[in-house]
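These notes concern the structure reproduced below.
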2 protein chains.
Amino acid sequence: MSIVNFKHDLFAQFARVAKALSNANRLELMEFLAQGERSVDALAEVSGLSVANTSQHLQQLRQTGLVLSRKQGLKVYYRLSGDDVIALLDSLRSVAEARMAEIDRLINAYLTIKDKLEPIASEELLQRVKDGLVTVIDVRPAEEYKAGHLKGAINIPLTELDSQLEKLGKEKEVIAYCRGPHCVLAYDAVARLRKKGRTARRLEGGYPEWRVAGLPVETSDK
Amino acid sequence: MSIVNFKHDLFAQFARVAKALSNANRLELMEFLAQGERSVDALAEVSGLSVANTSQHLQQLRQTGLVLSRKQGLKVYYRLSGDDVIALLDSLRSVAEARMAEIDRLINAYLTIKDKLEPIASEELLQRVKDGLVTVIDVRPAEEYKAGHLKGAINIPLTELDSQLEKLGKEKEVIAYCRGPHCVLAYDAVARLRKKGRTARRLEGGYPEWRVAGLPVETSDK
DNA sequence: CAAGTATTCAATAGAGTACTTGAATAGTAT
DNA sequence: ATACTATTCAAGTACTCTATTGAATACTTG
């Protein structure tokens, strides 16, 4: 094998991995998988894709080694094949957010629906917490919550929002936050809470912004 | 805009970045750009693509914000738009290597001497340089060396390795590096040095990885 | 201004991708 | 066994991507 061919074949393999990531539906499936193992029909339901289509996307991901599957009874469960895959996804997201003006445009277009999802500012939140007017929920996965969170916030990962609804008093307004200004978990949470008839808003920014601003947090003090 | 659409559009933007990375030729172009700024015809020459084709790939990369360009006189010079792009490429490479048996097969097919060419890690190299135990050589072409190289490394392009052998003390171990983890120049150099009876190893990674890790470099300070 | 060079544009053929539909497979429950 | 369920397979259509070719653009030099 010549050097040139070797190099080209090697790059072709890297390109295969990138190609597996080059579809919005597959990225969305992987975001769900990042939260834990899921069956095909569960993934089809949350993603809104047909079962056959979901299955085919999952097989593409499996062929490049990004996900693994196991069969148990009737169902096939898929999961991400390792933490380095999460790191790759984060790296992709971070480059995309940093570089693409298009994303800012999208976020701004979305946020023009101010009256529906107007965020609450940090100072206002602090005051309302003191006054006992709001319940603050952290919708990130439990591990991230454990590593550090807003003081007084309770952890309700997005996946458990429906089942843990009773933790939230019905009279208080709910404030949701997650990883950062672009993290869609908090948007989702607010939308779903409102569907259930609660009063909900999103915190401007996320945990990192809050911490950097010197506002009160609780950490695992590792 | 609904939350679902918003989320989907956001993932579609991330997917665009991944799609830009999903072609072997574009990845190869980016590896060259990781060494420094390059004109279109220089990139066309090293990649073996036609100029028009090269230009079109570069424009795709520019549209997703992965590279930037500037025009000077007749030529247009492209460069990576930031170090986070290098981090993304490394992350992609690392996931691909970890997951894809296909890549191992390729590497073994080409580099049958693979286990004889154990790489040295960055930290270990730094220590051994301090202790005066090793000579570090940069086997990339002179222009790439000039644009930036590991502090203290001497430039011996692969083509001149035989003729400049006397530059290397016979007692010290020689460490060779080039463009990146898969740049074959360093493998070649190590193999040839060993044939001449020298003790030689390859640096894990290459110049871009070293620089991004914040380790000491010397640049042309343009 | 004319000639030359580097890059980009435009049009095209051929290959690959996404999603749908309906059927096939493998396992469970009755 | 039979009915049922979750998943996968196979085929078809509409759409997109790559690389090639030749022309157009923008800049420099004589």
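Here the structure is a predicted model, which is why all the values come from computation and not from measurement.
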Q) With sequence neighbours left out, what residues match A:A20 under side chain to side chain contact (heavy atoms under 4.5 Å, CB included)? A) A:L61, A:T64, A:L66
Write down the distance between [atom1] ([X]) and [atom2] ([N]), rounded to a whole number of angstrom.
{"X": "A:K75", "N": "D:dC4", "atom1": "NZ", "atom2": "P", "result": "19 Å"}
{"X": "A:E45", "N": "D:dA6", "atom1": "CD", "atom2": "C1'", "result": "14 Å"}
{"X": "A:L29", "N": "C:dA18", "atom1": "CG", "atom2": "P", "result": "12 Å"}
{"X": "B:L49", "N": "D:dT18", "atom1": "CG", "atom2": "C1'", "result": "11 Å"}
{"X": "B:L27", "N": "D:dC17", "atom1": "CG", "atom2": "C1'", "result": "15 Å"}
{"X": "A:F11", "N": "D:dT18", "atom1": "CZ", "atom2": "C1'", "result": "18 Å"}
{"X": "A:K19", "N": "C:dA15", "atom1": "NZ", "atom2": "C1'", "result": "10 Å"}
{"X": "B:L61", "N": "D:dC17", "atom1": "CG", "atom2": "C1'", "result": "14 Å"}

So, is [X] close to the [N] phosphate, meaning a side-chain N or O under 4.0 Å from OP1 or OP2?
{"X": "A:N23", "N": "C:dA18", "value": "yes"}
{"X": "B:Y78", "N": "C:dA6", "value": "no"}
{"X": "A:Q60", "N": "C:dT17", "value": "no"}

Mind listing the N/O atom pairs, protein and nucleotides 25-30 of chain D, below 3.5 Å?
none

Q. Would you say B:N155's side chain and B:R140's backbone share a donor-acceptor pair under 3.5 angstrom?
A. yes
Q. Are any side-chain N or O atoms of B:R202 and backbone N or O atoms of B:A189, one a donor and one an acceptor, separated by less than 3.5 Å?
A. no
Q: Mind checking B:Y77 for me? I need base, sugar-phosphate or nothing, with any heavy atom below 4.0 Å counting as a touch.
A: nothing
Q) Of all the choices, D:dT20, D:dT7, C:dT7, which nucleotide is nearest to the side chain of B:S39 once you look at every atom? A) C:dT7
Q) Counting heavy atoms not belonging to B:E160, are there more than 12 under 6.0 Å from its CD? A) yes
(Q) What residues from residues 51-59 of chain A pass a heavy-atom cutoff of under 4.0 Å to DNA chain D? (A) A:V51, A:A52, A:S55, A:Q56, A:Q59
(Q) Go nucleotide by nucleotide along DNA chain C from the 5' end; which of B:D41 and A:R26 gets its closest nucleotide reached first? (A) B:D41
Q: On the 0 to 90° scale, with breaks at 30° and 60°, tag the A:Y145-A:H149 ring pair as parallel, tilted or perpendicular.
A: parallel
